[in-house]
Amino acid sequence: MAKTIQAIRGMNDCLPEVSGIWQQVESTLRQVVASYGYQEIRTPIVESTDLFKRSIGEVTDIVEKEMYTFEDRNGDSLTLRPEGTASCVRAGNEHGLLYNQQQRLWYMGPMFRHERPQKGRYRQFHQFGVEAYGLDGPDIDVEVILLSARLWKAFGISNHVKLQINSLGSNEARQAYRDALIAFLTSRADQLDEDSKRRMTSNPLRVLDSKNPDVQKALEGAPSLLDHLDEDSAQHFSLLCERLTQAGIEYEINPRLVRGLDYYNRTVFEWVTDSLGSQGTVCAGGRYDGLVEQLGGKATPAVGFAMGMERLVLLLTTLEAQTQEPASADIYVTALGDEAAVYAMQVSEQLRDALSECRVTTHCGGGNMKKQLKRADKTGAQLALILGSDEALNNQVTIKPLRGQQEQVTIALADLPGTLATMME
């Protein structure tokens, strides 16, 4: 017998028993972004490696350790996209969507990072993101945060996530802070782990984000980003805080909050939860005003966020906010005998024509009526249609409710669409 082939580690199948939950999550995400006037953009899964080196930063875990990179037959270095923002900017530059324009975009799709698989975080993962271009005031930052807050409300988990915010300031102000931070870290180098020592001069802000409790203890008394902000960034952040308060959004200022990607400036934020054990990030974003120009376009302000959908689905199921397996059918059509089976196919097709929103499953494979109705119940269908030789002969249909208290009825085929619509209200 041939050896079975397994999925690649960290790249998981989404089976029918859970795909319904994913569809509900995706539908909610689409509805919320549409209510804010954002439009979908779809970009290729494979991009030039230089795109991510120039945008994310070469001295980052993603570029140094995690990217799936290969050479194609022409010798070009290509990479499976590890995140969505760089691809959105590349597409915007390439197709003339950004300069002197305002764009509100969203995307959803698979990303790839070669990291240690763990619950809610895989090597192929799915990311949902929002990007707004051409707006430089704090009002668009507030809108993006409000949009993310509305997502938690739509999913019924607002009480399980908390907003943390910070400002990284301008590139010039951050450079001054970087020098002060390096001096501080150097004075405490003996208290840092090897990873932090490596980052100390190449990407010192990432040391602030260390998950090592010993490193966090060593950071006590470190200079604060907020004390090094330039005047414009300080005013921007002050207005952001003021408008979040006016909008009724609770937040915590976290002066150690940085983002793992080099392109961020000014506003950064994360929605965190402790409902998955240790505190984890559910959604993260901020401003990246220099990225468009960095990737060859004209200077364009930009802000956005992204979330890992596996982490979101895990949170929803853990909190039992999304535990019910969605029905796979609304109407299940049964048939007893060959003549009725032919009739059942005809009835099912007529229903799909008349009730396009309805999901109709036709029983195949025969079996007695008890077996067929058991299968109908398993699909979660609201109604079963029972078709036998008498129904086929007389152009009739028997409707059996599978949920609720309605009575079984037999009606003429011509009356079926209207009767079903009434019974399913």
Worked check of side-chain hydrogen bond (donor to acceptor under 3.5 Å, both in side chains) between E143 and Y38: CA-CA 11 Å; E143 177 181 281; Y38 284 65; 2.7 Å; yes
Please report the C-alpha distance between V46 and F70 in whole Å, then the side-chain angles of each, then the deciding distance to 0.1 Å, and finally whether the side chain to side chain contact (heavy atoms under 4.5 Å, CB included) criterion is met. CA-CA 10 Å; V46 179; F70 60 94; 4.3 Å; yes
List the steps, then state whether side chain to side chain contact (heavy atoms under 4.5 Å, CB included) holds for N395 with Y343. CA-CA 9 Å; N395 275 340; Y343 182 52; 3.8 Å; yes
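Heavy-atom contacts from other residues, nucleotides or ligands closer than 6.0 Å to CZ of R30 number more than 12. Residue E231 qualifies as open at atom CD: its count of foreign heavy atoms under 6.0 Å is 12 or below. More than 12 heavy-atom neighbours from other residues, nucleotides or ligands sit within 6.0 angstrom of CG on L15.
A donor-acceptor pair shorter than 3.5 Å cannot be found between the side chains of T281 and W271.
Here R42 pairs with E40 in a salt bridge; the nearest charged N to carboxylate O distance falls below 4.0 Å. With respect to the salt-bridge test (charged N to carboxylate O, under 4.0 angstrom), the residues E83 and R113 do not qualify.
Y133 has its side chain out of reach of L291: every pair of non-hydrogen atoms, C-beta onward, lies at least 4.5 Å apart. Using a 4.5 Å heavy-atom threshold, the side chains of I165 and N254 count as separate. Contact annotation: the side chain of M345 never approaches that of V333 to less than 4.5 Å [non-hydrogen atoms, C-beta and beyond]. Residues L29 and V25 are in side-chain contact: their nearest non-hydrogen atoms beyond the backbone lie under 4.5 Å apart. In this structure, M111 and Q124 have side chains that are not in contact, with every pair of non-hydrogen atoms separated by 4.5 Å or more. The shortest distance between side-chain heavy atoms of V360 and D330 does not fall below 4.5 Å. Looking at heavy atoms from C-beta onward, F155 lies in side-chain contact with L312 at the 4.5 angstrom threshold.
The only option from L385, T334, I386 that meets the side chain to side chain contact (heavy atoms under 4.5 Å, CB included) definition with T398 turns out to be I386. Applying the salt bridge (Lys or Arg N to Asp or Glu O under 4.0 Å) test between E47 and each of R90, R54, K53, R81 identifies R90 as the sole match.
The minimum heavy-atom distance linking L226 with F237 is given by the pair CD2-CE2, 3.9 Å.
The CD1 atom of I145 sits 10.5 Å away from the CD1 atom of I140 when rounded to the nearest 0.5 Å. Expressed to the nearest 0.5 Å, how far OH of Y332 lies from CZ of R359 amounts to 14.5 Å.
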